[in-house]
Amino acid sequence: MKIQRLKNSFAVCKVKSVSDIDFSGEFCFVGKTDEEISLVCVEEHIPENTVECEKGWSAFRVCGTLDFSLVGILSKISAVLAESNIGIFAVSTYNTDYILTKSRDFDAAADALIRAGYEITD
């Protein structure tokens, strides 16, 4: 399976409302529950209404469009990284999965995935 390294530096944020989120950038993931609104965005697009924010994340994208019948893709990737003591923040879209690690762990995460048989592309 191919996994692509993304070049951006990301932030994981909690925001007050979606009104100040810049949806024009390449990457913007929003999750809303009855308790919070979470945002994953490129660091340059952190909105002013951010309540909490953690910068310094890097991301991988599982290449291709994943069929909903596929089972265990994210689970297997997270297990490989957990065995290397690397924490993740995962985001799924309709097409695929994104795995974020702290930037300081990104190279070690790529090495662990390669050892596990994944092909890492730029």
Side-chain angles (χ1 to χ4, degrees):
M1 175 170 287
K2 290 184 181 181
I3 299 176
Q4 178 185 11
R5 293 180 218 242
L6 301 180
K7 300 295 182 193
N8 304 86
S9 293
F10 293 91
V12 178
C13 308
K14 186 189 319 186
V15 297
K16 290 181 184 177
S17 74
V18 297
S19 62
D20 289 335
I21 296 174
D22 180 0
F23 287 98
S24 67
E26 286 183 357
F27 296 96
C28 179
F29 304 98
V30 178
K32 182 184 179 301
T33 69
D34 61 335
E35 295 182 341
E36 66 176 306
I37 301 170
S38 293
L39 167 69
V40 178
C41 64
V42 175
E43 286 186 359
E44 290 79 27
H45 294 270
I46 297 170
E48 290 184 25
N49 68 347
T50 298
V51 176
E52 294 181 51
C53 183
E54 186 166 333
K55 297 179 183 178
W57 294 87
S58 295
F60 297 100
R61 172 180 21 218
V62 177
C63 295
T65 301
L66 304 177
D67 188 281
F68 285 111
S69 66
L70 296 173
V71 177
I73 292 172
L74 191 55
S75 172
K76 290 175 184 172
I77 292 170
S78 65
V80 167
L81 297 178
E83 288 174 11
S84 295
N85 203 33
I86 298 171
I88 68 165
F89 188 94
V91 177
S92 295
T93 64
Y94 190 90
N95 285 346
T96 194
D97 296 322
Y98 293 81
I99 300 91
L100 290 87
T101 69
K102 292 302 286 184
S103 295
R104 68 179 175 267
D105 297 327
F106 196 60
D107 290 336
D111 291 343
L113 290 167
I114 291 167
R115 283 192 308 274
Y118 293 92
E119 181 182 342
I120 306 296
T121 65
D122 290 320

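One-based numbering along the sequence shown. Source: prediction; values computed, not measured.
With hydrogens and angles ignored, the 3.5 Å screen pairs a side-chain donor or acceptor of Asn49 with a backbone N or O of Ser17. Formation of a donor-acceptor pair under 3.5 Å by the Lys55 side chain with backbone atoms of Val12 is not found in this model. A donor-acceptor contact shorter than 3.5 Å links the side chain of Thr50 to the backbone of Pro47. Counting only distance, with no hydrogens or angles, the side chain of Thr33 and the backbone of Glu35 share a donor-acceptor pair below 3.5 Å.
A pairwise comparison of heavy atoms in Arg5 and Ala110 identifies NH1-CB, 3.7 Å as the closest pair. What you find for Thr93 and Phe29 is that their closest heavy atoms are CG2-CE2, 3.5 Å. Across all their heavy atoms, Val62 and Thr96 have their closest contact at O-OG1, 2.6 Å. Listed here is the closest heavy atom pair of Phe60 and Ile3: CB-CG2, 3.4 Å. Closest of all the heavy-atom pairs between Asp22 and Cys28 is O-SG, 4.2 Å. Between Arg115 and Ser84, the shortest heavy-atom distance links the atoms NH2-OG, 4.0 Å.
With rounding to the nearest 0.5 Å, the separation of CG in Asp122 from CG in Leu6 is 10.0 Å. Taking CG of Asp97 as the reference point, atom CZ of Arg61 lies at 12.0 Å (rounded to 0.5 Å). We find the CD1-OG distance between Ile99 and Ser92 to be 8.0 Å, quoted to the nearest 0.5 Å. Remark: Trp57 CH2 to Ser9 OG distance equals 13.0 Å, nearest 0.5 Å. Note that CD of Glu119 is 9.5 Å distant from CD1 of Ile114, once rounded to the nearest 0.5 Å. Atom-to-atom distance recorded for Glu36:CD and Lys16:NZ is 15.5 Å, nearest 0.5 angstrom.
Two different hydrophobic clusters hold Tyr98 and Tyr94 under the rule that ILVMFWY side chains link at heavy-atom gaps under 4.5 Å. Put simply, Leu74 and Ile86 are part of the same group of oily side chains (I, L, V, M, F, W, Y) that touch within less than 4.5 Å, one to the next. Linking ILVMFWY residues whenever their side-chain heavy atoms come closer than 4.5 Å, directly or via other members, places Val15 and Phe23 in the same cluster. The hydrophobic clustering, which links ILVMFWY residues whose side-chain heavy atoms are closer than 4.5 Å, places Leu100 and Ile120 apart. Ile88 and Val80 fall within the same hydrophobic cluster, where Ile, Leu, Val, Met, Phe, Trp and Tyr residues are linked whenever their side-chain heavy atoms come under 4.5 Å apart, directly or through other members.
Between Phe27 and Phe10, the ring-plane angle classifies as perpendicular under the 30° and 60° cut-offs.
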Ile46/Cys13 under side-chain contact (heavy atoms from CB on, under 4.5 Å): CA gap, chis, key distance, verdict
CA-CA 8 Å; Ile46 297 170; Cys13 308; 4.1 Å; yes
